[in-house]
Protein chains: 2
Amino acid sequence: MAERSAPSRERIVAGAADMISRRGLSATSIREMAKHAKAPLGSTYHYFPEGKQQLATEAVRYTGEWVARSLRKELESGPVEGLRAFLALWRKIVVESDFHAGCPVLAVAIEEPPADEIPPAVAAAAAVFAQWEALLAASLREHGTEAEQAAQLATLVVAAVEGTVAMCRAKRSAQPLDDTAEQLQALIAGAIKH
Amino acid sequence: MAERSAPSRERIVAGAADMISRRGLSATSIREMAKHAKAPLGSTYHYFPEGKQQLATEAVRYTGEWVARSLRKELESGPVEGLRAFLALWRKIVVESDFHAGCPVLAVAIEEPPADEIPPAVAAAAAVFAQWEALLAASLREHGTEAEQAAQLATLVVAAVEGTVAMCRAKRSAQPLDDTAEQLQALIAGAIKH
DNA sequence: CTCTGGCTATAACAGCCGTCATAGTCTAGC
DNA sequence: GCTAGACTATGACGGCTGTTATAGCCAGAG
């Protein structure tokens, strides 16, 4: 039975997420993902029969759920605390990777559909963004922010953080993240105290 | 003399910027860029002897200058007008490409340096972001915003728009751009009236 | 007219890509 | 102990990658 093999599968997904967040999807080969996870190439196609697209999709969802978990927990202390944790999480990734890593969800979102059909990985990226926004917006509403305002703010926060993470990598500096952090925190604090 | 050949060179750069904004840098081959610009492959290496990196660098700078020109012009009517134009510019690109195209600068920024050296294209992306921020920040200061606040707001605007453009592509909707537009416009309007 | 030099055309190179097929290994359940 | 099925090892496939080299074209200068 596939019992003790689950760690192997998860290792591949986690490793794929990391590599995609650094090099982008199309610059990351399945062979490299396998090697990075110390798994044989054959195993990748055993666990992910639909190939690279499936692996990318699972990597996106994996990251999405991981971030959402942290977000959910910290939002219990209110939107300001949640935002701070969200910012800190990405700051840690960017700085500790020496500006090599970013967000795999953004990396996958930046891929043109070959035809007119949207690849599942891109759809998964959209769902992850929506999930993060929903968590933030719900917390804002619970703290007195009007619904539409809460939704718009949540979108702004997620998009701004994603953009800032990319910007930090290009500039090889965490300054942009600290700057937007200050602005966003003031904005959120002002939106809930009413 | 290289006189009438300039259009060909520029066509390659502009085409490269467009393709990179859609598929990302590493998913865009030099052969495809040449074909897209109706130029022979040999010409690419004639005009850009340093290869793909040089072409990517010039594509980033080309886009940067093109946007900066529009930004400079519209900022003459004040930060609010400038922001509106900035948002409208990207909205047009995203919508008119049916959510296929985005920002080539962001696409290039999301590329891990192979070693510890930063590729010139990534450095160019950082410079372009800094340029856009500088234009916005200067306009804000001219309208009474305190210097540090102006710089932070400029960073937030550029990063938020970049992130939102990517988000719109994933969601295949312009809604996120309209949402952040509303929030950013309120923020900027509030920052200049003192 | 000749000739020069910017540009093009063509082919080749080594190497990696995603994917698939097949045969082999090992373990868990009977 | 044996068998089934999950996993691994290996190798191949056609195709595309960045890059380079070389020979050819063709307008414009002298």
Side-chain angles (χ1 to χ4, degrees), chain A residues 1-17 19-20 22-60 107-108 111-115 117 119-122, chain B residues 1-17 19-20 22-60 107-108 111-115 117 119-122:
Chain A
M1 277 299 160
E3 192 74 54
R4 277 286 83 194
S5 70
S8 179
R9 207 194 117 106
E10 186 174 335
R11 236 187 320 130
I12 296 176
V13 173
M19 296 192 77
I20 291 171
R22 293 170 186 264
R23 324 218 262 226
L25 177 53
S26 57
T28 307
S29 76
I30 293 200
R31 282 170 174 83
E32 285 172 321
M33 297 195 234
K35 183 179 291 185
H36 183 269
K38 290 189 200 333
L41 174 61
S43 297
T44 358
Y45 282 92
H46 175 77
Y47 290 122
F48 314 96
E50 287 163 56
K52 197 178 187 180
Q53 269 296 323
Q54 185 184 358
L55 188 38
T57 305
E58 298 215 18
V60 165
V108 167
E111 300 270 331
E112 181 178 58
E117 292 305 308
V122 174
Chain B
M1 277 297 162
E3 192 74 53
R4 277 287 82 192
S5 69
S8 178
R9 208 194 118 107
E10 187 173 335
R11 235 187 323 133
I12 296 176
V13 174
M19 296 192 76
I20 292 171
R22 294 169 185 265
R23 325 218 261 226
L25 177 53
S26 56
T28 306
S29 76
I30 293 201
R31 275 173 245 261
E32 284 173 320
M33 297 195 234
K35 182 179 292 184
H36 183 270
K38 292 188 200 328
L41 173 61
S43 297
T44 332
Y45 282 94
H46 175 77
Y47 291 122
F48 313 96
E50 286 163 56
K52 196 177 187 180
Q53 269 297 321
Q54 185 184 357
L55 188 38
T57 305
E58 299 214 17
V60 166
V108 166
E111 298 271 328
E112 180 178 57
E117 291 305 307
V122 174

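Letters go in sequence order (proteins before strands), and every chain restarts at 1. When reading the values below, keep in mind they use all heavy atoms of this one structure, side chains included, and skip hydrogens, waters and symmetry mates. Keep in mind it's a predicted model, so treat the numbers as computed, not measured.
A heavy atom closer than 4.0 Å to some atom of DNA chain C occurs in S29(A), I30(A), R31(A), E32(A), these being the qualifying members of residues 29-39 of chain A.
Set against dT19(C), dC7(D), dA9(D), the side chain of K52(A) has dT19(C) as its closest nucleotide. Closest to the side chain of H46(A), from the set dG18(D), dG18(C), dC7(D), is dC7(D).
Separating the CD atom of Q54(A) from the C1' atom of dT19(C) is a distance of 14 Å, rounded to the nearest angstrom. The interatomic distance linking Y47(B) (OH) with dG5(C) (C1') rounds to 13 Å, in whole Å. Following rounding to the nearest Å, L41(A) (CG) and dG18(C) (C1') show an atom-to-atom distance of 9 Å. Across the protein-nucleic acid pair, L25(A) atom CG and dC17(C) atom P stand 13 Å apart, rounded to whole Å. Regarding F48(A), its CZ atom lies at a distance of 11 Å from the P atom of dC7(D), rounded to whole Å.
Every residue was checked against the side-chain hydrogen bond (donor to acceptor under 3.5 Å, both in side chains) condition with Q53(B), not counting sequence neighbours, and none meets it. Listed by chain and residue number, R23(A), S26(B) satisfy the side-chain contact (heavy atoms from CB on, under 4.5 Å) test with A27(A) (two or more places apart in sequence, or in another chain). Among residues two or more places apart in sequence or in another chain, the side-chain contact (heavy atoms from CB on, under 4.5 Å) test is passed with F48(B) by R9(B), I12(B), V13(B), T44(B), Q54(B), L55(B), E58(B).
Heavy atoms of T28(B) sit under 4.0 angstrom from primed sugar atoms or phosphate atoms, though from no base atom.
Listed by first and then second residue, the salt bridge (Lys or Arg N to Asp or Glu O under 4.0 Å) pairs involving residues 36-53 of chain A amount to none (not counting sequence neighbours).
The distance from the NE2 atom of H36(B) to the CZ atom of R11(B) is 11.0 Å, given to the nearest 0.5 Å.
In terms of position on DNA chain D, the residue among P49(B) and S43(A) whose nearest nucleotide sits closer to the 5' end is S43(A).
Between E111(B) and L25(B), the shortest heavy-atom distance links the atoms OE2-CB, 3.7 Å.
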